[in-house]
Amino acid sequence: MSPIAVIDFETTGISPGQGARATEVAIVLLEGGRVVDRFQSLMNAGVHVPHFITQLTGITNAMVAAAPPAERVMADAARFVGDLPMVAHNAAFDRKFWQAELARAEVQAAQPFACTVLLSRRLYPHAPNHKLGSLVDFHRLPRFGQAHRALADAEMAAALLAHMQHDLRQRWRVACPEHTLLMALQRCAKPAVAALLARHAEPATA
DNA sequence: TGCCAGGCCCTCTTTAGGGCCTT
């Protein structure tokens with residue numbers, strides 16, 4: 001199975017269009033259901049970290065001030081990812097920051113993003129909700145480190161993705177749940193999910 | 001003055017509204 005880069009950002013706010021900047025990025029490479037490599041760094045974008053964000057993440061202004069410049073971190077992150085397809089939990093959020101921070105670093109960003117929220121809504125419609133922590137508990141997956149830190153959340157998103165790929169193989173008989181299938185699945189209208197998975201299922205053996 | 005994200009998705013919908021999800 002081809003590797004997938006699972007990413008998570010910690011930021012100063014909700015939208016780069018409103019001036020929010022990244023404070024930390026973590027990326028884990030998932031291959032064959034296992035994490036095979038990791039990238040993590042705080043970054044200094046020269047902005048103030050709101051008190052609310054420090055309470056949520058534990059990331060302080062002093063930590064960010066001591067971190068390497070955001071442009072250098074993002075250039076390193078882009079080299080780490082290469083042209084691998086990407087996954088994030090609520091990918092619309094992380095994709096916005098990935099593209100905005102890479103643009104500031106003058107680095108191209110063309111990776112396709114799949115979203116574990118959209119996938120979870122299709123594969124597990126009976127989950128109590130689709131927050132990352134709730135899904136980790138719902139599927140009885142291990143927790144990693146401090147929630148709302150980038151590496152811990154990226155590890156949990158990767159564990160969730162690996163669990164989805166396992167279920168696609170075991171429950172829906174999908175032989176090869178690669179990133180292209182994940183992209184098709186997350187775009188698929190919910191009533192058509194079963195038909196899509198059936199088209200990708202291995203033929204039943206006699 | 002008052003507002004300030006945005007894409008997805010459900011429903012008391014479709015000429016709309018509001019909750020979810022991320023920090």
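- Between the NE2 atom of A:H51 and the P atom of B:dT23 there is a distance of 18 Å, given to the nearest Å.
- For B:dC10, the OP1/OP2 oxygens have a side-chain nitrogen or oxygen of A:K190 closer than 4.0 Å.
- Nearest nucleotide to the A:L56 side chain, out of B:dT23, B:dC8, B:dC21: B:dT23.
- Counting to the nearest Å, the C1' atom of B:dC8 and the CG atom of A:L185 are 14 Å from each other.
- Atom P of B:dC4 sits at a distance of 14 Å from the matching atom of B:dG17, rounded to the whole Å.
- Residue A:H130 has no polar side-chain atom (N or O) positioned under 4.0 Å from OP1 or OP2 of B:dC20.
- Computed from coordinates, the A:H89 NE2 to B:dC20 P distance equals 14 Å when rounded to whole Å.
- Phosphate contact (OP1/OP2 of B:dT23, side-chain N/O of A:H148, threshold under 4.0 Å): present.
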Notebook entry, point to check: Would A:E155 and A:R143 satisfy salt bridge (charged side-chain N to carboxylate O under 4.0 Å, His left out), going step by step from the backbone distance to the final call?
Noted result: CA-CA 8 Å; A:E155 295 264 14; A:R143 283 185 173 270; over 6 Å; no
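- Both A:G133 and A:S15 lie near DNA chain B, and the one whose nearest nucleotide falls closer to the 5' end is A:S15.
- Checking side-chain atoms of A:Q186 against main-chain N and O of A:L118 turns up no donor-acceptor pair under 3.5 Å.
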Next item on the list: Start with the C-alpha distance between A:T57 and A:H148, add both sets of side-chain angles, then the distance that settles side-chain hydrogen bond (donor to acceptor under 3.5 Å, both in side chains), and finish with yes or no.
Entry: CA-CA 5 Å; A:T57 66; A:H148 296 299; over 6 Å; no
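- Listed for the A:H179 side chain is no donor-acceptor partner under 3.5 Å among the backbone atoms of A:P85.
- Side chain of A:Q165 to main chain of A:P177: a donor-acceptor pair is present (N/O by atom type, distance under 3.5 Å, no hydrogens or angles).
- Comparing the same atom, P, in B:dT23 and in B:dG18 gives a spacing of 26 Å after rounding to whole Å.
- Here B:dC21 presents its P atom at 22 Å from CZ of A:F9, a figure rounded to the nearest Å.
- Listed candidates were B:dC8, B:dA5, B:dC21. Nearest to the side chain of A:N129 is B:dC21.
- Across the protein-nucleic acid pair, A:M156 atom CE and B:dC21 atom P stand 15 Å apart, rounded to whole Å.
- Protein atom NE2 of A:H126 is 13 Å distant from nucleotide atom P of B:dC10, rounded to whole Å.
- Between B:dG2 and B:dC10, the two P atoms lie 36 Å apart (nearest whole Å).
- Ranking B:dC9, B:dT23, B:dG6 by closeness to the A:K96 side chain, first place goes to B:dG6.
- The side chain of A:D8 approaches B:dT23 more closely than any other nucleotide in the set B:dA5, B:dT23, B:dC8.
- Nucleotides B:dT1 and B:dG6 have their P atoms positioned 25 Å apart, rounded to a whole Å.
- At a threshold of 4.0 angstrom between heavy atoms, the contacts of A:F97 with the nucleic acid are absent.
- Nucleotides B:dG19 and B:dC12 have their C1' atoms positioned 14 Å apart, rounded to a whole Å.
- Of the listed nucleotides (B:dC21, B:dT23, B:dA5), B:dC21 has the atom at the smallest distance from the side chain of A:R121.
- The side chain of A:R122 sits closest to B:dC9 out of B:dT22, B:dA5, B:dC9.
- Taking the C1' atoms as reference points, B:dC3 lies 23 Å from B:dC8, given to the whole Å.
- We find that CD of A:Q99 is positioned 12 Å from P of B:dG7, with the value rounded to whole Å.
- Remark: A:E71 does not engage A:R104 in a salt bridge, criterion side-chain N to carboxylate O under 4.0 Å.
- Residue A:N90 contributes atom CG, which lies 9 Å from atom C1' of B:dC8 at whole-angstrom precision.
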